[in-house]
Amino acid sequence: MKRTAASAAHGLGRFLPGVEQARTYERRWLRADLLAALTVGAMLIPQGLAYAQIAGVRPVAGLYAGAFAMLAYALFGPSRHLMVGPEAGAAILSATALAPVVAGGGPERLASLAALLALMVGALSLLGGLCRAGALADFLSRPILIGYVNGAALIIIGSQLARMLGLERGSNEFAGQLHEVAANLGRAHEPTLVLGLSIVVALVGMRRFLPRWPAPLVMVALTTLAAWWFQLEHGGVQVLGPIAAAAPAFGLPSVGFDDVRALLPAAFSLALVNHASSVLAGRIQADHHGYRLDPHQEFLGQAAANLLTGLTQGFPVTGSDSRTAVNASMRGRTQLVGVVAAVAVGVFSLFLTPLLSKLPLVTLGAIVIVAAVYLLEVKPLVTLWRVRPVEAVLAAVTTLGVLFLGMLQGILIAVTLSLVDLIRRAAHPHDAVLGEREGMPGWHDVEDHADAETVPGLVVYRFDAPLFFANARFLREQVRHLVAASHPPVRWFVLDASSVFDLDITAAEGLEQVRHALEDEDIVFAVAQARAPMRRMLKRSGLTARIGEDRLFPTVGAAVRAYLESRGDTRTAGGGEPVSSSQVH
């Protein structure tokens, strides 16, 4: 009975990781979790207000979205440290997607569409989790994520430039925002600009010298007090104004099928990017703290957070890099941090929002800009350029695509280019002619080892990639070249297939062409160290019979010994007495 109960609890814990965390919670973690929760909640208040402004919904929606998202993720999310809620990238993508669909509608329609987008993101994430599509995140390589993050950060900065200058933003596109700011620099409101720059300096300074302080909350408090005391709004500084603090309404948004169809590309983009970025942030913390993060369950965690947010008239949410990092730095251990932070933010949303009516809007703009600047990944881009320039170019292309074509389009272009580059490399893989080294067992690349010697009349050729349609011709051309360039003439050609873990039908036909061409020149074709998948394909395609069972060898050494025996040479090979050669290929 106990074993059955334990098994049931374990199964429930796999589907609801929050239950497992609660079941195994240790009392000694409580103090750190509570301190981390208060700090995360303090960060979320100004960030939630700011990101709600970016998305175009009422400010308090950002607070409710953060609270409900953390509660849902605490139950379904696999990461013990990831903090989910409003985030700059998701907010700007939501704003970009919603702007053309609103079509002149009022705040109520915008709120309904934002909730619909969150529900769609949740539904797609749920589908991804049920289909166990967590591996999709692997298609977003590190260069693509760097490019995406940089593009999103620049878009976020561009969206706040007008606010920093005390101007009205008209465009939702990055290029249009830059043009607006450049065209209206002469109309900038100087007090707003000075205040905004001062806040930026203060935020950077506190981040550098007081890293444990909730700098955004401190700036919100100080600038709100300053606005009350000095009546900044009478001097032209725009303030937040009264915040409706009514409890969130539960229910489905009032929308139509056309709205669903119009928002589907953005919902797909958000679901994919949210999952990939959250898995990346979650894995960093999981690796650091010694546990495994399930990428399939992460889909379900994101689904729960967005579905609950959508049902409470919120907008799309995702994992927050900044709040997750703060949670880890405060030594938070479990999702109790998210639960307590959600309660704190919920209480503030219901009873304390009137305190922020005098908050200068430029404060929110400065908070967003500083957060976006720290999102920029410049050093990793430089490292990519130094290590592998083609991946740095891929990151740059992703950034430009995100900036000027849209986040989904930029990512899809980058993924396509990544696959093209992968096929290009697989189509011309590394290969090697192998030889023996005196006193060293095994067979070695003659280009890497000058003392490696080949056997006269024998070519041992290693192909370091799966054999498929894109590289079948490359293999044929390499075989033809090696045979033509060999002196003395080749009598045996041995393909070392130890690195060929797959073989498709096009490559099988190409391999038969190689065998037939060598046979026409009275050259024996043999295969060594073929893996099980390749052996099965050789048999199914009839190549085993045409090559001959006696020409399929378990090791390169066995193939070389068979060649030597066929020539009447009894010397050993592959680790015994070295076989010398007057010609190294």
Side-chain angles (χ1 to χ4, degrees), residues 431-436 441-446 452-468 471-472 475-581 583 585:
D431 58 354
V433 172
L434 306 182
E436 284 190 305
W443 294 81
H444 309 274
D445 187 343
V446 298
E453 294 185 332
T454 59
V455 181
L458 171 69
V459 173
V460 180
Y461 174 68
R462 191 182 69 217
F463 194 79
D464 294 332
L467 264 168
F468 69 118
N471 58 28
L475 173 66
R476 295 200 306 271
E477 291 175 352
Q478 290 295 88
V479 171
R480 186 182 303 114
H481 169 74
L482 291 171
V483 169
S486 179
H487 298 286
V490 176
R491 297 182 181 277
W492 274 45
F493 191 100
V494 176
L495 173 65
D496 177 1
S498 57
S499 299
V500 182
F501 57 84
D502 195 14
L503 178 74
D504 72 4
I505 189 64
T506 304
E509 292 176 355
L511 210 56
E512 167 59 17
Q513 292 175 15
V514 167
R515 185 203 66 78
H516 190 271
L518 292 175
E519 186 181 71
D520 286 346
E521 297 186 40
D522 200 24
I523 298 172
V524 173
F525 177 67
V527 178
Q529 294 187 210
R531 305 300 185 189
M534 184 176 181
R535 291 200 304 270
R536 286 195 294 269
M537 192 61 187
L538 289 174
K539 188 172 183 178
R540 291 172 184 170
S541 64
L543 272 172
T544 297
R546 288 192 286 272
I547 295 173
E549 290 275 3
D550 59 336
R551 293 293 182 256
L552 299 179
F553 296 97
T555 66
V556 171
V560 176
R561 283 193 294 273
Y563 167 71
L564 292 175
E565 291 171 3
S566 73
R567 306 300 299 165
D569 193 331
T570 59
R571 289 175 296 171
T572 59
E577 179 185 344
V579 180
S580 62
S581 173
Q583 173 66 34
H585 297 286

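Since the model is a prediction, treat every value here as computed from it, not as a measurement. Numbering of residues begins at 1 and proceeds along the displayed sequence.
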Of the non-hydrogen atoms in [X] and [Y], which two are nearest, and what is the gap between them?
| X | Y | value |
| --- | --- | --- |
| Ser498 | Arg531 | O-NE, 3.1 Å |
| Thr555 | Ala528 | O-CB, 3.7 Å |
| Met534 | Ala497 | SD-CB, 3.6 Å |
| Pro488 | Gly457 | CG-N, 4.0 Å |
| Phe525 | Arg551 | O-CB, 3.8 Å |

Could you measure the distance from the [atom1] atom of [X] to the [atom2] atom of [Y]? Nearest 0.5 Å is fine.
| X | Y | atom1 | atom2 | result |
| --- | --- | --- | --- | --- |
| Thr454 | Trp443 | OG1 | CH2 | 8.5 Å |
| Glu512 | Arg546 | CD | CZ | 4.5 Å |
| Leu482 | Tyr461 | CG | OH | 6.5 Å |
| Glu509 | Leu511 | CD | CG | 11.0 Å |

Quiz prompt | Met537 and its side chain to side chain contact (heavy atoms under 4.5 Å, CB included) partner, picked from Asp504, Ile505, Asp502, Leu543 | solution =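 Exactly one option meets the side chain to side chain contact (heavy atoms under 4.5 Å, CB included) with Met537, and it is Ile505.
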Self-check item: Working for side chain to side chain contact (heavy atoms under 4.5 Å, CB included), residues Val459 and Val483
Solution: CA-CA 8 Å; Val459 173; Val483 169; 5.9 Å; no
Quiz item: Below 4.0 angstrom, N of the basic side chain to O of the carboxylate: do Glu477 and Arg480 qualify?
Solution: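 Salt bridge flag = no for Arg480 with Glu477.
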Quiz item: Got a salt bridge between Glu565 and Arg561, using NZ or NE/NH1/NH2 to carboxylate O under 4.0 Å?
Solution: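 Not counted as a salt bridge, because no side-chain N and carboxylate O are separated by less than 4.0 Å.
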Would you mind reporting whether [Y] and [X] have side-chain heavy atoms less than 4.5 Å apart?
| X | Y | value |
| --- | --- | --- |
| Tyr563 | Val455 | yes |
| Asp431 | Gln478 | yes |
| Leu434 | Val494 | no |
| Glu549 | Thr544 | yes |

Quiz prompt | Residue list, salt bridge (Lys or Arg N to Asp or Glu O under 4.0 Å) with Asp464, at least two apart or on another chain | solution =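 So Asp464 forms a salt bridge (Lys or Arg N to Asp or Glu O under 4.0 Å) with Arg462.
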Quiz item: Quick check: are there more than 12 heavy atoms from other residues, nucleotides or ligands sitting under 6.0 Å from CG of Asp550?
Solution: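 Count over threshold, so yes.
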Quiz item: Does atom CZ of Arg491 have more than 12 heavy-atom neighbours from other groups under 6.0 Å away?
Solution: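 12 or below, so no.
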Quiz item: Are the side chain of His444 and the backbone N or O of Pro441 linked by a donor-acceptor pair below 3.5 Å?
Solution: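 Answer holds: yes.
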Exercise. Look at the side chain of Asn471 and the backbone N and O of Pro466, then say whether any donor-acceptor pair between them is shorter than 3.5 Å.
Key: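 Yes, Asn471 side chain to Pro466 backbone: donor-acceptor pair under 3.5 Å.
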Self-check item: Candidate pair Phe463 and Val479, rule side chain to side chain contact (heavy atoms under 4.5 Å, CB included), full reasoning
Solution: CA-CA 11 Å; Phe463 194 79; Val479 171; over 6 Å; no
Practice problem: Check the pair Phe493 / Val514 against side chain to side chain contact (heavy atoms under 4.5 Å, CB included), numbers first and verdict last. | Solution: CA-CA 10 Å; Phe493 191 100; Val514 167; 5.7 Å; no
Self-check item: Verdict with reasoning, Lys539 to Arg535, per side chain to side chain contact (heavy atoms under 4.5 Å, CB included)
Solution: CA-CA 6 Å; Lys539 188 172 183 178; Arg535 291 200 304 270; over 6 Å; no
Practice problem: Could you pull out all residues at least two apart from Ala562 that satisfy side-chain contact (heavy atoms from CB on, under 4.5 Å)? | Solution: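 Trp492, Phe553.
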